[in-house]
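Below: the structure, in structure tokens.
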There are 2 protein chains.
Amino acid sequence: MPPDSAPEPIVKSPKGRRKVSDAPSRRDLVLDAAEALFSRHGFDGVTVRQVAQAAGVDVALPNYYFESKQGLYDAVFGRRALVLNDRREAALRRVMDSEDAPTLESILRAFIVPVQTMHAAADPGFRNYCRLVAQVNSSGVLAPMMTTNFDRLILKFIDALRRVLPHVADRELYWGYHCLSGALTLTMASTGRIDHLSNGLCRSDDAEDAYEHLISFHLGAFQAMEDRARAICRKG
Amino acid sequence: MPPDSAPEPIVKSPKGRRKVSDAPSRRDLVLDAAEALFSRHGFDGVTVRQVAQAAGVDVALPNYYFESKQGLYDAVFGRRALVLNDRREAALRRVMDSEDAPTLESILRAFIVPVQTMHAAADPGFRNYCRLVAQVNSSGVLAPMMTTNFDRLILKFIDALRRVLPHVADRELYWGYHCLSGALTLTMASTGRIDHLSNGLCRSDDAEDAYEHLISFHLGAFQAMEDRARAICRKG
DNA sequence: GTCTATACCGTGATAGAC
DNA sequence: GTCTATCACGGTATAGAC
């Protein structure tokens, strides 16, 4: 009998009631612990035992809930992917349904600001999730998870970009998104490298600053693409 | 006695001669095998035993040469970092010492083309190395290896950029490099994600295409930064 | 000096008892 | 829903072969 196993004090005593407490369920505790560990050490760098210990539950519980370590990882990744997709989709809809015509900047913001919000959230779980996405995105073996979880909505964003960049060829647009995606995920990784490189002038974990620069950088890049494409269009 | 243990046929018979054969040393075989495995599965996803087996050597040999698994990883990472740094430094020197004034494009090319060359090399080891760098760069725990191996030269490149972008503030410049770095390493990762997203229109492993787009995208982005900074400078 | 065989000991995943 | 026993596997040290 583990002495520290009861973070829900009120739930058990009157056995008629169910889950009135707002304490996180043990399932969520496992997800949170796994998220924190995976985000720092990767899939193979974490053991189920570590997850269980960090969550304060028995070793066997993660497997009970999620079938396998892989299942746990998928659950961790999927959980907040839903949240991010919802927020991005709502933001995009707001832009596209607005009275005013959508602009390049408004679309980029709809894509990026929800990530910024996560990165800056009080709940450290969101920051951990950002790191996790960064790893998955450049991992090779795990990259298919990006496709599964995000591509449907990303294609909508690319459609939106196509509308405000009418002269840009599709291939350019896809490569442009690729560049944006790389910069965005590196920002999400928050590795502290730029801190060192800039001698403290820039800070990885200053979300406000990081994502504002990300937006203005890519605003310039995409606008330049459009300008150049239009010029060629005229000339040709 | 392993029957398949002799990839150097001529070396041993006349014992007077030393290493005339151009066959790779066993040390290099271990490095190559480790590189291939690490680049796909990460540090913790690979066991020393797998490395040994892939290299066709005894389990203890990697540790004999490199002290520990970590030592092996460091050696793998450092080996081609030297090559890349040399090529980049030579390219940068050519640009800066030229009669013609350096341009934004020439500097970006000096930075990026050596990577493109590696990515497109016939030796698959170079491609594996590209993937490895991509992982390390967005890993959190391993990112310090980037600093150790690359920052000295990267600061030289940032200096060069500062010269051709005289109105851009330092902070902007560092964030710009950050964005470039993210896009570049995602390109190096070659995950095939853009293939899927673009429905086959773009291909991760078409190095020619990928890096040309990378260059023109960032040419536009940095030039826009300079233009905007100059405009503000005039106005203010 | 280069390399192999093997043993050690901690750790991990998982199945099945409770 | 929890605990535990099992058993395989991992990194590395060591003894010695060539």
Side-chain angles (χ1 to χ4, degrees), chain A residues 1-9 11-13 15 18-19 21 23-31 33-34 37-38 40-76, chain B residues 1-21 23-34 37-38 40-76 141-142:
Chain A
M1 56 195 84
D4 55 305
S5 68
E8 310 108 314
V11 176
K12 279 193 173 178
S13 25
K15 70 179 172 185
R18 281 190 188 272
K19 265 280 158 202
S21 145
S25 70
R26 294 161 81 94
R27 196 172 184 278
D28 287 334
L29 285 175
V30 171
L31 283 174
L37 287 163
F38 283 141
R40 265 173 254 287
H41 308 289
F43 181 80
D44 295 292
V46 174
T47 72
V48 175
R49 289 174 119 96
Q50 288 175 296
V51 172
Q53 185 168 17
V57 302
D58 188 85
V59 239
L61 203 68
N63 279 325
Y64 171 71
Y65 280 129
F66 304 103
E67 238 102 85
S68 66
K69 188 181 177 187
Q70 184 64 55
L72 173 59
Y73 196 91
D74 292 344
V76 168
Chain B
M1 55 194 83
D4 54 307
S5 70
E8 311 109 312
I10 336 161
V11 175
K12 280 195 170 177
S13 25
K15 68 178 172 186
R17 225 186 312 146
R18 281 193 187 271
K19 266 277 160 200
V20 187
S21 146
S25 71
R26 291 158 81 85
R27 195 172 184 282
D28 287 334
L29 285 175
V30 171
L31 283 173
D32 290 339
L37 286 164
F38 283 141
R40 264 172 254 288
H41 308 289
F43 181 78
D44 295 291
V46 174
T47 70
V48 176
R49 297 173 134 92
Q50 287 175 297
V51 172
Q53 184 169 14
V57 303
D58 187 84
V59 237
L61 203 67
N63 277 325
Y64 169 70
Y65 280 127
F66 305 104
E67 238 101 87
S68 67
K69 189 184 177 184
Q70 184 63 54
L72 172 59
Y73 196 90
D74 292 344
V76 167
V141 252
L142 300 176

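In what follows, chains are A, B, ... by sequence order, proteins preceding strands, each numbered from 1. This structure is a prediction, so every number in the text was calculated from the model and none was measured.
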At less than 4.0 Å, is any side-chain N or O atom of [X] found next to OP1 or OP2 of [N]? Yes or no.
X	N	value
B:Tyr64	D:dT12	no
A:Thr47	C:dT11	no
A:Lys69	C:dA13	yes

[X] [atom1] to [Y] [atom2] distance, which is reported to the nearest 0.5 Å:
X	Y	atom1	atom2	answer
B:Asp44	A:His41	CG	NE2	9.0 Å
B:Phe66	B:Leu61	CZ	CG	8.5 Å
B:Glu67	B:Asp74	CD	CG	11.0 Å
A:Phe43	A:Leu37	CZ	CG	13.0 Å

Could you give the [atom1]-to-[atom2] distance, from [X] to [N], as a whole number of Å?
X	N	atom1	atom2	result
B:Gln50	D:dC9	CD	C1'	11 Å
A:Asp58	D:dG1	CG	C1'	9 Å
A:Asp44	D:dC9	CG	C1'	14 Å
A:Leu29	D:dG1	CG	P	13 Å
A:His41	C:dT11	NE2	P	16 Å
B:Asn63	D:dA13	CG	P	7 Å
A:Gln53	C:dG12	CD	C1'	13 Å
B:Leu72	D:dG11	CG	P	11 Å

Checking all strands, does [X] fall into the base, sugar-phosphate, or nothing category for heavy-atom contacts under 4.0 angstrom?
X	result
A:Val51	nothing
A:Tyr65	sugar-phosphate
B:Ser68	sugar-phosphate
A:Val57	nothing

Checklist entry - Is there side-chain contact between B:Val48 and B:Leu72, with heavy atoms separated by less than 4.5 Å? => result no
Next on the checklist: For B:Arg27 and A:Glu67, find the nucleotide of DNA chain C closest to each by heavy atoms; which residue's nucleotide sits nearer the 5' end?
Outcome noted: B:Arg27
Checklist outcome for this item: On DNA chain D, more 5' by nearest nucleotide between A:Arg49 and B:Ala60 is A:Arg49
Checklist entry - Closest to the B:Arg26 side chain: D:dT2, C:dT4, C:dA13? => result C:dT4
